[in-house]
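Side chains are part of it too, since the values below use all heavy atoms of this structure and drop only hydrogens, waters and symmetry mates. Here, residue 1 is the first one in the sequence, and each next residue gets the next number.
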Amino acid sequence: MPKLKKNSRELAEDVFRGVIKKYQTISGTPEPQLAQAARLGKSTLANRKNKPGQFRLEELEGMRRAMEIPIDELLEALRPLL
């Protein structure tokens with residue numbers, strides 16, 4: 001039987017991915033440039049997006065600066081994942 005309802009962790013990961021996607025769209029930052037800003041390979045960035053709790057602070061900071069994400073919005077999206 002398929003899983004019908006997401007747990008709180010999965011919902012928090014969706015919110016975080018939504019914030020990243022929102023600012024990636026607003027800033028027009030392509031995936032390769034975002035990976036470079038985070039100092040990650042493209043496949044590693046994709047893996048981190050799938051499991052946002054595995055991002056390191058320096059990776060998040062690089063992405064935040066590249067896309068000009070307000071620090072308070074990023075922290076609020078991250079809080080439930082910590």
What do you reckon, is [atom1] of [X] surrounded by more than 12 foreign heavy atoms closer than 6.0 Å?
X     : atom1 : answer
Leu82 : CG    : yes
Arg9  : CZ    : yes
Glu31 : CD    : yes

Between [atom1] on residue [X] and [atom2] on residue [Y], distance to nearest 0.5 Å:
X     : Y     : atom1 : atom2 : result
Gln54 : Lys49 : CD    : NZ    : 15.0 Å
Leu40 : Arg48 : CG    : CZ    : 5.5 Å
Lys6  : Glu13 : NZ    : CD    : 9.0 Å
Glu10 : Lys5  : CD    : NZ    : 12.0 Å

Under 4.5 Å between any side-chain heavy atoms of Leu34 and Tyr23, yes or no?
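Side-chain contact under 4.5 Å: no.
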Contact check, side chains of Met63 and Leu45, non-hydrogen atoms, under 4.5 Å
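Answer yes - side chains close enough.
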Hey, quick one: are Leu74 and Leu11 part of the same hydrophobic cluster, counting side-chain heavy atoms closer than 4.5 Å, chains of contacts allowed?
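Hydrophobic grouping puts Leu74 apart from Leu11.
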Has Glu76 got a side-chain atom pairing as donor or acceptor with Glu73's backbone, closer than 3.5 angstrom?
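No.
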Looking only at atom types and distance, does a side-chain atom of Gln24 sit under 3.5 Å from a main-chain N or O of Thr29, one as donor and one as acceptor?
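Yes, Gln24 side chain to Thr29 backbone: donor-acceptor pair under 3.5 Å.
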Closest heavy-atom pair, Ala38 versus Glu59, reported as atoms and distance to 0.1 Å, is O-CG, 3.5 Å
Here the pair of heavy atoms bringing Pro30 nearest to Gly28 is CD-O, 3.2 Å
Residue from Ile20, Asp14, Val19, Val15 passing side chain to side chain contact (heavy atoms under 4.5 Å, CB included) with Arg17:
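Result for side chain to side chain contact (heavy atoms under 4.5 Å, CB included) with Arg17: Asp14.
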Any carboxylate oxygen within less than 4.0 angstrom of a Lys/Arg side-chain nitrogen, looking at Arg39 and Glu58?
no
May I have the step-by-step check of salt bridge (Lys or Arg N to Asp or Glu O under 4.0 Å) for Glu61 and Arg64, ending in yes or no?
CA-CA 5 Å; Glu61 181 61 16; Arg64 187 191 74 78; 3.0 Å; yes
